[in-house]
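Structure, as structure tokens:
Naming convention: chains lettered A, B, ... in sequence-line order (proteins, then strands); numbering from 1 in each chain.
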Amino acid sequence: MMKNEDVMNIAKKRGFLWSSFEIYSGVAGFFDYGPLGAILKNKIMNKWRNFYIVGEGFYEIESPTIMPEEALQASGHVDHFNDPMTECKECLEVFRADHIIKETTGEEVEGLENQKLTEIISAEEIRCPRCGGHLTHVWSYNLMFQTLIGAKGKKTGYMRPETAQGIFIPFKRLLRFYRGKLPFGVVQLGKAYRNEISPRQGMIRLREFTQAEAEIFVNPADKSHPHFQDVADHVLTLYPADIQEEEGEPVKITAKKAVQQGVVSSEMLTYQLCLADKFMAELGIPVDVIRFRQHLKTEMAHYAIDCWDVEVYTDRYGWIEVIGIADRTDFDLKSHSEYSSEDLRVFIEYDEPRNITKTVAKPDMKKFGPLFKKDAPKIMNALKETDPDAIKLAFAESNVYDLQLEGETYQLTPDLLSFEEVEETVRGEKIYPHVIEPSYGIDRITYSVLLHCFKQEDDRNILCLPADLAPVGANVFPLVNKDDLVLVSTHIRDDLRIQGIIAELDTSGTIGRRYARSDEIGTPFAVTIDHQTLEDKTVTIRERDTQKQVRLPVTKIPDTVNELLNKKINFSDLEDT
RNA sequence: GCGGCUGUAGUCUAGUCUGGUUAGGACUUGGGCCUUCCAAGCCUACGACCCGGGUUCAAAUCCCGGCAGCCGCACCA
């Protein structure tokens, strides 16, 4: 029995996860988080916020999940987030049209239009590779869910395929919020949608999933990190592209060396790898099932210059990507800039202003004005944009420079212009920031946490969740179901809730059964009320992982449990006192 | 999207081939008894034939279609 099966069975049984729309047979690629699953997922997301918003000083925004077509045209998703498909009329097999052409003709046809691909298929008489049947015309299978915006349904919209775009689009506002200075980071947590053809990998390939993404905008000339020293000695398990090609093993290396040896392309990117590593560790996922795999050149998206996937090992699916950390360069901002005609650049001030001397062509207005009359102002404007050296060169060759402007040609002659050397002070320049993007798949991470926190000892199922992630903080049990013990238990349960702890009372079955249920949902602590409680007002508190028990006064229970859950104290500290 | 296999309570399963009593059992769960620390025992209750059509006097059972799951193929910016 695979661990995957045990975990998924328990997740279903105990209300963590189940497939959606079950009473209508379900739909592949959709999952519900049940009562405990929803808390777990939220706790993971809040820990993530704690890392990136509190720890790194990034702020969170929330943008719509439905996006207009233009925005996704700019991002490249309308044109490139789809696959050209063709179907065999005989055996009904479906193929990637570009792949099938490449196989038979050897020609690279990626990016060609469907019409063109259809023509190639008929011109080259390409047939179904399986049965030799005729192929249909090529259509695009776009992985985005399409919808219509508004009652008249004139405007095409799509469910967003990633949360990142929602950060790039209001970039000007965000830059203003951060008062114009790089670097800064913005995060977004939310749903994203991809209409996968045939998802069959449970929680691993979902059609609707939750991302937590940070977009960190940096000066391309400075990809250092101010706190890199804090992570310099952090050891990462890296699996660089060249070692993958040689079919070698991942290497353990400090962050500092990874940067020095150029294994990872920048300090900023390396810092992000370390941050992700620390995050995964706090989720209770052991180091030996985590590795950082660099994208091969062939699999890297066209806009990225370096990309590392954080992978977690699973018995069912092998190594799965749970986080992608990429240097997206200036691709997105540049593209949105072009499509929207908004200037999405950032002004970078030089350390010291630079004095530049340059030649300018200065018109002699006494002759210039009368000659060109009302056209004179716009010609002067055009002159400022023209390279003076080009004019000089034209004068040297033919004594005339033809200035093309709005379809007209204006002849400039040497007597109209004089050339002057001008000193100018330049204080900085406008650049497109580069984007470093850690992108977390929260559902896959939640799955990984359940998978790797699950343990079986003898006949015990234990979900060894870190105390601060456990959905239920503490369970309260009367040792036996006597009215007076149950009454005290109820009060203790209520006192825990007043402390803000999710606490449950369980009076069903025997004490052993209650502990077993408690362990299976990962509740870290259980408080048991027995006969001695009635005599001296003490109760026992039991730790899930060790099954050890310590006796404490009832009055200390809420504070103690709180400190245990927040990891301010360890259970062993209680044993010593 | 294609092919093969599969679909009975929350879970595991008997029954399906060969149509015919009230669809049987175990575990789980709820209630009760008992019980003073890790799924004990006893009593009791709840709970299922994936959906739709067809054949038939009669369908969990046979036939067709759909949906879902598993395996293989394909797909995965």
[X] [atom1] - [N] [atom2] separation (whole Å):
| X | N | atom1 | atom2 | answer |
| --- | --- | --- | --- | --- |
| A:Tyr515 | B:A39 | OH | C1' | 13 Å |
| A:Arg14 | B:U11 | CZ | C1' | 11 Å |
| A:Met8 | B:A68 | CE | C1' | 15 Å |
| A:Glu196 | B:G1 | CD | C1' | 14 Å |
| A:Asn9 | B:G69 | CG | P | 15 Å |
| A:Ile462 | B:A39 | CD1 | C1' | 13 Å |
| A:Leu479 | B:C34 | CG | C1' | 14 Å |
| A:Lys13 | B:A9 | NZ | C1' | 15 Å |

Touch class at under 4.0 angstrom, heavy-atom based, for [X] against every strand present:
| X | value |
| --- | --- |
| A:Arg194 | base |
| A:Asp519 | nothing |
| A:Glu321 | nothing |
| A:Arg514 | nothing |
| A:Gln549 | base |

Considering only [options], which nucleotide approaches the side chain of [X] most closely?
| X | options | answer |
| --- | --- | --- |
| A:Ile511 | B:A77, B:C70, B:C38 | B:C38 |
| A:Lys482 | B:A39, B:U35, B:C37 | B:U35 |
| A:Thr528 | B:C37, B:C38, B:U35 | B:C37 |
| A:Ala516 | B:U29, B:A39, B:A77 | B:A39 |
| A:Thr540 | B:C37, B:C38, B:A77 | B:C37 |

I want to confirm an ordering. Mapping A:Leu485 and A:Lys12 to their closest nucleotides on RNA chain B, which one lands closer to the 5' end?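 Closest to the 5' end, via its nearest nucleotide, is A:Lys12.
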Could you pick out which residue, A:Asn481 or A:Arg542, lies toward the 5' side of RNA chain B when each is mapped onto its nearest nucleotide?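 Result of the comparison: A:Asn481.
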Using the [atom1] atom as the reference point in each nucleotide, state the distance between [N] and [M] in Å, no decimals.
| N | M | atom1 | value |
| --- | --- | --- | --- |
| B:G69 | B:C51 | C1' | 15 Å |
| B:G25 | B:A68 | P | 34 Å |
| B:A14 | B:U8 | C1' | 10 Å |
| B:C63 | B:C5 | P | 12 Å |
| B:A26 | B:G66 | P | 39 Å |
| B:G1 | B:A60 | P | 30 Å |
| B:C49 | B:U22 | C1' | 15 Å |
| B:C75 | B:G7 | C1' | 26 Å |

Shortest non-hydrogen contact between A:Arg14 and A:Leu36, atoms and distance: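 Heavy atoms of A:Arg14 and A:Leu36 come nearest at O-CD1, 3.3 Å.
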Distance only, no hydrogens: is a donor on one side chain within 3.5 Å (strictly under) of an acceptor on the other, for A:Glu69 and A:Tyr158?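 A donor-acceptor contact under 3.5 Å links the two side chains.
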Regarding A:Asp536 and A:Thr538, do their side chains bring together a donor and an acceptor under 3.5 Å, going by distance alone?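 Judged by distance alone, the side chains do pair up.
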Would one find a side-chain N or O of [X] under 4.0 angstrom from OP1 or OP2 of [N]?
| X | N | answer |
| --- | --- | --- |
| A:Arg544 | B:C38 | no |
| A:Ser508 | B:G31 | yes |
| A:Arg551 | B:C37 | no |
| A:Arg513 | B:U28 | yes |

Which base sits across from [N] as a Watson-Crick or G-U pair, both distances under 3.5 Å?
| N | value |
| --- | --- |
| B:A74 | none |
| B:U56 | none |
| B:U61 | none |
| B:G41 | B:C33 |
| B:C5 | B:G69 |

Aromatic A:Trp319 / basic A:Arg291 pairing, under 6.0 angstrom, 45° off normal: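 Positive - A:Arg291 is close enough to the ring of A:Trp319 and near enough to its axis.
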Just checking, A:Arg542 and A:Tyr515: is the charged tip under 6.0 Å from the six-membered ring centre and within 45° of the axis?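 Yes, A:Arg542 lies over the aromatic ring of A:Tyr515.
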Under 3.5 Å, is there any donor-acceptor pair linking the side chain of A:Thr510 to the base of B:C38?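 Counting by modelled atom types and ignoring angles, no donor-acceptor contact under 3.5 Å is found here.
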Passing option when A:Phe16 is tested against A:Asp32, A:Leu463, A:Val7, A:Thr446 for side chain to side chain contact (heavy atoms under 4.5 Å, CB included):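 Going through A:Asp32, A:Leu463, A:Val7, A:Thr446 one by one, the side chain to side chain contact (heavy atoms under 4.5 Å, CB included) with A:Phe16 is satisfied by A:Leu463 alone.
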Ring center gap for A:Trp18 and A:Phe31 short of 6.0 angstrom: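 No; A:Phe31 has its ring centre 6.0 Å or more from that of A:Trp18.
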Quick one: are A:Pro478 and A:Leu505 in side-chain contact, heavy atoms under 4.5 Å?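 A:Pro478 vs A:Leu505: side chains touch.
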